Amino acid sequence: MTTAYFTSGTVRVPNAPFFKEVEHLLRNNMKVIIHVQGGSMRPFLRNGDKILLVPVTSCTLSEGMIVLAHTSAGVLLHRIVHMRKDKDEIRLAGDANSRQTECITREHIIGVADKAWRGERLLPVNSFSQRVLAFLWYLLRPFRGYILKITEGLK
């Protein structure tokens with residue numbers, strides 16, 4: 001039996017049954033909106049941002065895309081940073097992660113981020129400029145922790 005927790009008008013469901021239902025909806029060609037939890041996708045996505053996920057079958061995967069996938073660390077919303085199509089190997093990384101990556105195959109991908117919102121503001125998750133910025137951010141991996149601390153200190 002799944003236990004749901006109610007907090008100030010919000011229903012909280014444990015990850016396993018929640019993502020099982022998200023996967024079921026996406027596999028049935030439906031779109032799903034979820035809230036970002038955690039900080040692994042900062043600075044591009046923040047805790048509480050909303051993401052519209054679409055079925056993976058409806059798009060061609062490419063580097064720079066944000067996907068929801070089964071990984072050895074659980075179900076994660078991370079960015080594709082490298083693809084080896086000859087071996088069906090996809091490497092994911094959270095935008096805020098300085099070292100950790102996950103290696104998966106296409107069958108592990110549950111859905112693809114199509115749109116995102118911070119409050120009412122639409123975030124350009126799939127624009128060319130956003131992918132270029134994400135790629136440059138990825139190259140700065142050894143320095144990103146310092147950059148995030150500095151920018152957060154300026155707020």
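Computed from heavy atoms alone, side chains included, the values below leave out hydrogens, waters and symmetry copies. Everything numeric here is computed off the predicted structure, so don't read it as measured data.
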* To do: Apply the side chain to side chain contact (heavy atoms under 4.5 Å, CB included) test between Ile51 and each candidate in Ile66, Leu45, Leu68, Ile33; give the one that qualifies.
  =>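 Output: one option passes, namely Leu45.
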* Taking Val54 as the fixed residue, which of Val32, Asn29, Asp114 is the one that meets the side chain to side chain contact (heavy atoms under 4.5 Å, CB included) rule? -> Asp114
* To do: Answer with yes or no whether the hydrophobic clustering places Leu26 together with Leu76; edges join I, L, V, M, F, W, Y residues whose side-chain heavy atoms lie under 4.5 Å apart.
  => no
* Asked: Are Val112 and Leu122 connected, step by step, through hydrophobic side chains (Ile, Leu, Val, Met, Phe, Trp, Tyr) whose heavy atoms are closer than 4.5 Å?
  -> no
Determine the minimum heavy-atom distance between [X] and [Y], stating which atoms define it.
X      : Y      : value
Trp137 : Arg42  : NE1-O, 3.9 Å
Ser62  : Arg131 : OG-NH1, 2.8 Å
Gly39  : Ala96  : O-CB, 3.3 Å

* Have His108 and Thr71 got a donor and an acceptor in their side chains that come within less than 3.5 Å? ->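 No.
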* Candidate pair Arg46 and Val36, rule side-chain contact (heavy atoms from CB on, under 4.5 Å), full reasoning -> CA-CA 7 Å; Arg46 297 182 190 155; Val36 174; over 6 Å; no
* Given Met30 and His24, is the side-chain contact (heavy atoms from CB on, under 4.5 Å) satisfied, shown in steps? -> CA-CA 9 Å; Met30 298 179 79; His24 172 75; over 6 Å; no
List for me each residue that meets side chain to side chain contact (heavy atoms under 4.5 Å, CB included) alongside [X], sequence neighbours excluded, and say none if there are none.
X     : result
Met83 : Leu61, Glu63, Ile80, Lys85, Ile90
Arg27 : Glu23
Val81 : Arg91, Ala93, Tyr138

Euclidean distance, [Y] [atom2] relative to [X] [atom1], rounded to 0.5 Å:
X      : Y      : atom1 : atom2 : result
Trp117 : Leu123 : CH2   : CG    : 9.5 Å
Leu92  : Ser40  : CG    : OG    : 10.5 Å
Ile104 : Ser72  : CD1   : OG    : 10.0 Å
Phe18  : Gln37  : CZ    : CD    : 8.5 Å
Ile34  : Leu53  : CD1   : CG    : 4.5 Å
His78  : Thr101 : NE2   : OG1   : 10.5 Å

* Asked: Quick check: does any side chain N or O of Asn47 sit under 3.5 Å from a backbone N or O of Gly38, one acting as donor and the other as acceptor?
  -> yes
* To do: Considering only NZ, NE, NH1 and NH2 on the basic side and carboxylate oxygens on the acidic side, decide whether Arg118 and Asp49 come within less than 4.0 Å.
  => yes
* Measure from NZ or CZ of Arg79 to the centre of the six-membered ring of Phe135 and say whether it is under 6.0 Å with the direction within 45° of the ring axis. => no
